[in-house]
> 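Shown below is the structure under consideration.
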Amino acid sequence: MNPQERIAELTDRLNYYNFQYYQNSVSEVDDFTFDKLLEELSALEKQHPEFSRPDSPTHRVGGTISKEFATVVHRFPMLSLGNTYSEAELTEFDNRVQKGLSGASYEYICELKFDGVALSMTYENGILTRGVTRGDGVRGDDITANVRTIRTLPLKVNDPTVPALFEVRGEGFLPLAEFERINREREDIGEPLLANPRNAASGTFKQQDSGAVAKRRLDCYLYSFLSDPEAFQTHEESLMAMKGWGFNVSPTWRKCTTIQDVFAFINEWETRRFELPLATDGIVIKVNRYDQQRELGFTAKSPRWAIAFKYKAMAASTTLLSVSYQVGRTGAVTPVANLKPVLLAGTVVKRASLHNANEIQRLGVMINDTVFVEKGGEIIPKITGVDLTLRTEASLPIVYPTQCPACQTALIRKEGEAHFYCPNEKGCPPQLQARFEHFIQRRAMNIESLGEGKIELLIDRGLVRSPADLYELNESQLLGLEKTYSDAETGKTRTVSLRAKSVENILTAIERSKAQPFANVLFALGIRYVGNTTAEKLADYFGNMDALMAASHETLTSVPEVGERIAQSLLAWFADSENRVFVERLRLAGLQMETDKVAVEKKGDTLEGKTFLYTGTFANFSREALENEIEAHGGKLLSGVSKKLNYLIVGENPGPSKVEKAQKMGVPMIGEDEFLAMLL
Ligand code: IVH
């Protein structure tokens, strides 16, 4: 077979497997075979780019870097919707529709209003050829390479009845779980957090490196189908047809025959919308029949046959009492607003994030001002503005500290960064404490019996200065230690005391941590930008600490997913002699300084004859540790959901397709705790 034929064959075969996997939840091949075929296709396309097809599954992983996006004129303009917050105005809208249709009967389709980025995709002969942003409604940016990374979006529609040329439109978004995953990872590596899922989605779609886009699992809900001539009579038919062709249509839409039904839909989703996997901010109401839509027509900006009903943002106003400054693990100083307590969406809010000095300046906020607080998709409420009409002489400027609030070292600001930093990495108490907390967390050395104030106590008594000191602690040093803390906010006191049982727990956990895999040790070191995933990649690549420490800039940047920033950070960290002493002390204590893929030590046979597959992330195990644990107890790992699978272990943020497929096939799903119980 010549390369062109092989490329065509692989493209069709992989697209078929993808379709079966994402639309029908059937894995016809295991992940390994799939990856091998994809690799073969990718290599062939590199050799013969002229034969690469626009619907090639290799586009899903990105790789294209565009300098600037081309501007594209929309074939059908992308209009916006009229907005309302009131039921009275919605009734007026219904009256206008009724009048406009001269009394004929009509129906509405109600949908959720998804809060993301409007996208328009063109398909020619069933193949996705273009993805464009809304732009100004007339022209948008051509972001085809980025749109192709959306895994639920078909690159090819396999149905001969689809129009030769059509467009689908929808909302591109970052699922909330993905938004939180990214922020957890950013927190791990000391990066500023993304403000909200909407901005994160819009920023991601506009990135020029589609490989980086592919790493953030964007998704897209489709809500319109456009072709000339029209392919359907009603919006409802178009939604059902799109679903049938494999497009991701949110199942939340409903047909309503009266405006009362519409109100019921609005009321129902006011609270239920928080169960959805993405942020929503209202409801869209559309006349169902296309001929009636045409009859009603458009105003200059928006259709007369549709309207958006927006839920009121959950906001409140209160007084800004003071600003506290928190110092994080990397020394970044974050201002936090202390508020006069106020009720917001069922919870009492006392604090709100102010992000950084720029944000304070942008808001122009002063102490004693009346401020607006809002809760969005994120957990911590934020200050969105100042009520200047209520400002009095009592308002005082916020003076941003020039010295670290904890250790008085002069703060510095690195070029291009929004945060001020305390450079006293090794002596600043909150940085020290945060470094310990990072070290003992489950995904690192898993010494969580040292949590809840115990680390503070050990630091306070001068027993530990570096996490390496933990491995030199003994029972007599710990037994009977006690300290009473008073909470500045509540005034309540709390006593932490180390009795025999907790001392035993701590020392056992410290001892057991020596068996944590090398990747965990690497993550525990707390090197800036080296999160969980990067630590695993580095551990896989180098295999041991010495090889990593000896690696040059060139070698580091050749590791998959390690860029300039991570390489620089690693080099600087290992160049510091104190850090090297730290590593040597950990080595002497007996921590794992190399990967042990080859020989898995037998621990038991409780899993003998049983097969497992896992999805998501786990509190007690890295992927490698979980695989080792299964094998060490006599279990077998499978590469995909099939009839031969006995258990699917489901962690946090599981892959929906594996779960769906296991459900369909009746494969038992167990959580991490149940798995741990099986080992006993
Ligand atoms: S229909 C002619 N349906 O809201 C109207 N839009 O202000 C076409 N949006 O730019 C839009 N969810 O980004 C429609 N279910 C939904 C929507 C939706 C969110 C966004 C969309 C559009 C904006 C309209």
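As the structure lists them, so they are numbered: ligands from 1, and atoms in each ligand from 1.
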> Should the ring pair Trp245 and Phe232 be called parallel, tilted or perpendicular, given that the plane angle runs from 0 to 90° and is split at 30 and 60?
tilted
> Which donor-acceptor pairs under 3.5 Å do the side chains of residues 69-80 make with protein atoms, sequence neighbours left out?
| residue | atom | partner | partner atom | Å |
| --- | --- | --- | --- | --- |
| His74 | NE2 | Thr133 | O | 3.2 |
| His74 | NE2 | Arg134 | O | 3.1 |

> More than 12 heavy atoms of other residues, nucleotides or ligands under 6.0 Å from CD of Glu268: yes or no?
yes
> Side-chain polar contacts of residues 111-118 - donor-acceptor pairs under 3.5 angstrom, sequence neighbours left out - could you list them?
| residue | atom | partner | partner atom | Å |
| --- | --- | --- | --- | --- |
| Glu111 | OE1 | Lys286 | NZ | 2.9 |
| Glu111 | OE2 | His235 | NE2 | 2.6 |
| Glu111 | OE2 | Lys286 | NZ | 3.4 |

> Report, as yes or no, whether the 6.0 Å neighbourhood of atom CZ on Arg130 holds more than 12 heavy atoms from other residues, nucleotides or ligands.
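For Arg130, atom CZ is not crowded (no more than 12 foreign heavy atoms under 6.0 Å).
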> Can you list every ring pair (Phe, Tyr, Trp, His ring centres under 6.0 Å) pair that touches residues 185-220, not counting sequence neighbours?
none
> Tabulation required: pairs of a nitrogen or oxygen in ligand 1 and a protein nitrogen or oxygen under 3.5 Å; columns are atom names and distance to 0.1 Å; otherwise 'none'.
| residue | atom | partner | partner atom | Å |
| --- | --- | --- | --- | --- |
| ligand 1 | 3 (N) | Lys286 | NZ | 3.0 |
| ligand 1 | 4 (O) | Lys113 | NZ | 3.3 |
| ligand 1 | 7 (O) | Leu81 | N | 3.1 |
| ligand 1 | 12 (N) | Phe114 | N | 3.0 |
| ligand 1 | 13 (O) | Glu171 | OE1 | 2.5 |
| ligand 1 | 13 (O) | Glu171 | OE2 | 3.3 |
| ligand 1 | 13 (O) | Tyr223 | OH | 3.4 |
| ligand 1 | 15 (N) | Glu111 | OE1 | 2.8 |
| ligand 1 | 15 (N) | Leu112 | O | 3.1 |

